[in-house]
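Below is one structure, written out as structure tokens; the observations come after it.
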Amino acid sequence: MRKIDIFDTTLRDGEQSAGVNLNTAEKLEIAKQLERFGVDVMEAGFPAASPGDLDAVRQIASTIKNSSVTGLARSVKSDIDAAWEALKVAECPRLHVFIATSPIHMTHKLKQTPEQVVETAVESIKYAKQFFPIVQWSAEDAFRSDPVFLAHIVEQAIKAGASVINLPDTVGYATPHEYGAMFKYMKDNVPNVDQVKLSSHCHNDLGMAVANTLAAIENGADQVEGTINGLGERAGNAALEEVGVALYTRKDAYNVQTNLTLNEIKRTSQLVSQLTGMMIQANKAIVGKNAFAHESGIHQDGVLKEPTTYEIITPELIGEESNNLVLGKHSGRHAFNDRAKSMGFQLDKEALNQAFKEFKQLADRKKEITSEDLWTILTQQQLKDEGAATYELESVQVHYGTEDSPMATARVKVPDGTIQEDACNGAGSVEAIFNTLERIIDGKVHVLDYRVSSIGKGRDALGEAVINLTFNGEEFTGRGAAQDVLEASAKAYLNAVNRSLLQSRMKQLITTSV
Ligand code: KIV
Ligand code: ZN
């Protein structure tokens with residue numbers, strides 16, 4: 001069977017989603033999980049965008065060994081230099097360089113003639129080839145480009161040394177038939193096309209990103225690009241978990257294979273959702289909460305008699321355990337550590353001890369500890385371990401009555417190590433907590449969005465709060481989990497502020513070390 005390379009751009013195109021703001025520790029966590037998921041290539045960021053982005057790409061490139069790590073660059077020397085700075089530590093440095101080729105982009109954005117665009121593309125590839133053994137070249141807005149011009153520039157890009165040619169539908173305008181036809185046209189009209197791999201990159205503005213990706217495969221694409229949970233600019237990119245499961249389930253139709261480890265899908269999807277703060281819609285294919293829920297009596301009856309009546313894929317295929325009760329009140333430290341290790345967490349002894357303590361506290365209050373609960377405890381501990389905490393919640397209390405205005409009291413460990421306590425009221429309990437924390441925090445906070453949901457099922461499930469706020473004018477997302485949603489809300493608020501402080505500290509460190 002033909003092998004399709006999977007190129008993940010969650011950390012670059014996905015991170016461009018409105019409101020998503022990952023710090024380096026979080027990007028590294030996602031990168032390690034993408035490696036376990038088995039992606040062939042991961043785009044770790046856009047090194048020229050900022051010193052922080054460059055540093056994150058460098059750290060990922062020096063950590064990841066089983067996937068090829070790449071970074072994006074515009075067709076200018078300074079971008080390629082920044083990418084080399086970040087990627088030269090990689091096992092096999094790979095560059096992704098792009099320029100727009102559609103009349104709309106060339107005229108209005110680049111203000112270059114088609115001939116100038118060809119010249120710039122060729123120059124940038126030749127320049128990059130002095131450093132990078134593998135250069136992927138992308139024709140931004142390829143789908144809206146003139147096919148004859150596109151074939152010409154692709155031929156020149158291959159001559160200049162590109163080994164992968166990516167043909168994006170940048171604005172999500174194509175239909176599957178049309179997008180597939182573009183690949184066929186390139187195969188038939190670019191004389192040196194056999195020297196390279198063709199790659200698809202689809203956006204989901206009309207909801208056709210995955211269908212377009214599959215059409216590209218049918219018409220000769222050897223690599224497909226996308227993101228976990230379909231994250232990305234505007235309506236997002238092709239969801240890689242959907243592409244992977246479609247290729248597996250319908251191998252009779254596509255007759256291709258990938259290196260993906262499908263039973264890592266659930267974990268990868270949850271990690272990305274938690275760290276980006278982007279919730280997954282309940283009815284989302286493959287990873288939505290309801291993706292395997294049979295609700296109607298007729299369906300339930302059918303599935304009980306014979307699962308394949310209504311189930312074309314099983315939860316086990318994507319790593320969703322049907323019975324995910326993992327540990328209980330009487331589980332010991334050894335079982336806990338083993339489980340953490342098998343879930344892929346690498347925590348030092350102190351962090352493991354702290355996580356175990358939190359697990360025991362939760363087990364006292366909650367009958368069943370699920371893998372989702374464990375995952376939440378361990379992730380929070382891992383991020384703390386990597387220095388993410390600056391303000392730490394010691395305690396929070398709310399006095400609430402239907403007749404009174406709620407009053408909150410909070411104790412917080414602040415960055416200088418002292419404990420500060422304050423109290424304030426608000427129109428509701430959550431507002432009272434936020435008002436109180438605002439009095440303790442040194443900076444201007446403005447809450448933009450806030451939501452709570454439960455992690456797992458049951459009345460004693462953990463609550464998770466996600467908050468979007470601006471801190472001193474910059475936007476951040478924070479998350480917090482606890483058995484009580486008010487405590488989770490206070491943690492989410494402080495987490496967002498801590499992320500902002502961590503980012504400023506990183507910027508300072510990078511500027512002083514340059
Ligand atoms: O959508 C797009 O065209 C891109 C390119 C930079 C590859 O993301
Ligand atoms: Zn894109």
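The analysis underlying the following values was restricted to heavy atoms, covering all of them including side chains, and did not include hydrogens, waters or symmetry mates. Note that ligands are numbered from 1 as they come in the structure, with each ligand's atoms numbered from 1 the same way. Because the structure is a prediction, the values reported are computed rather than measured.
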### Task
Please work out the angle at the Zn ion (ligand 2) defined by atom NE2 of His201 on one side and atom NE2 of His203 on the other, rounded to 10°.
100°
### Task
Specify which N/O/S atom of Asp13 comes nearest to the Zn ion (ligand 2), by atom name.
OD2
### Query
Does Glu225 bring an N, O or S atom to within less than 2.8 Å of the Zn ion (ligand 2)?
no
### Message
Under a 4.0 Å threshold between the charged nitrogen and the carboxylate oxygen, would Asp169 count as salt-bridged to Arg144?
### Response
no
### Task
Would you please classify the geometry between the Tyr173 ring and the Phe143 ring as parallel, tilted or perpendicular, with 30° and 60° separating the classes?
tilted
### Query
Does NZ in Lys126 sit with more than 12 non-hydrogen atoms of other residues, nucleotides or ligands closer than 6.0 Å?
no
### Task
Before accepting this row, confirm whether a basic side-chain N of the pair Glu15/Arg12 lies closer than 4.0 Å to the acidic partner's carboxylate O.
no
### Query
Using 4.0 Å as the upper bound for N to carboxylate O, is an ion pair formed by Glu26 and Arg479?
yes
### Query
Is the closest side-chain donor-acceptor distance between Arg2 and Gln257 under 3.5 Å?
no
Which N/O atoms of ligand 1 sit under 3.5 Å from a protein N/O, and at what distances?
residue	atom	partner	partner atom	Å
ligand 1	1 (O)	His201	NE2	3.2
ligand 1	1 (O)	His203	NE2	3.0
ligand 1	3 (O)	Thr170	OG1	2.6
ligand 1	8 (O)	Arg12	NH1	3.4
ligand 1	8 (O)	Arg12	NH2	2.9
ligand 1	8 (O)	Asp13	OD2	3.1
ligand 1	8 (O)	His201	NE2	3.2

### Query
Do the side-chain N and O atoms of His96 and Glu43 include a donor-acceptor pair separated by under 3.5 angstrom?
yes
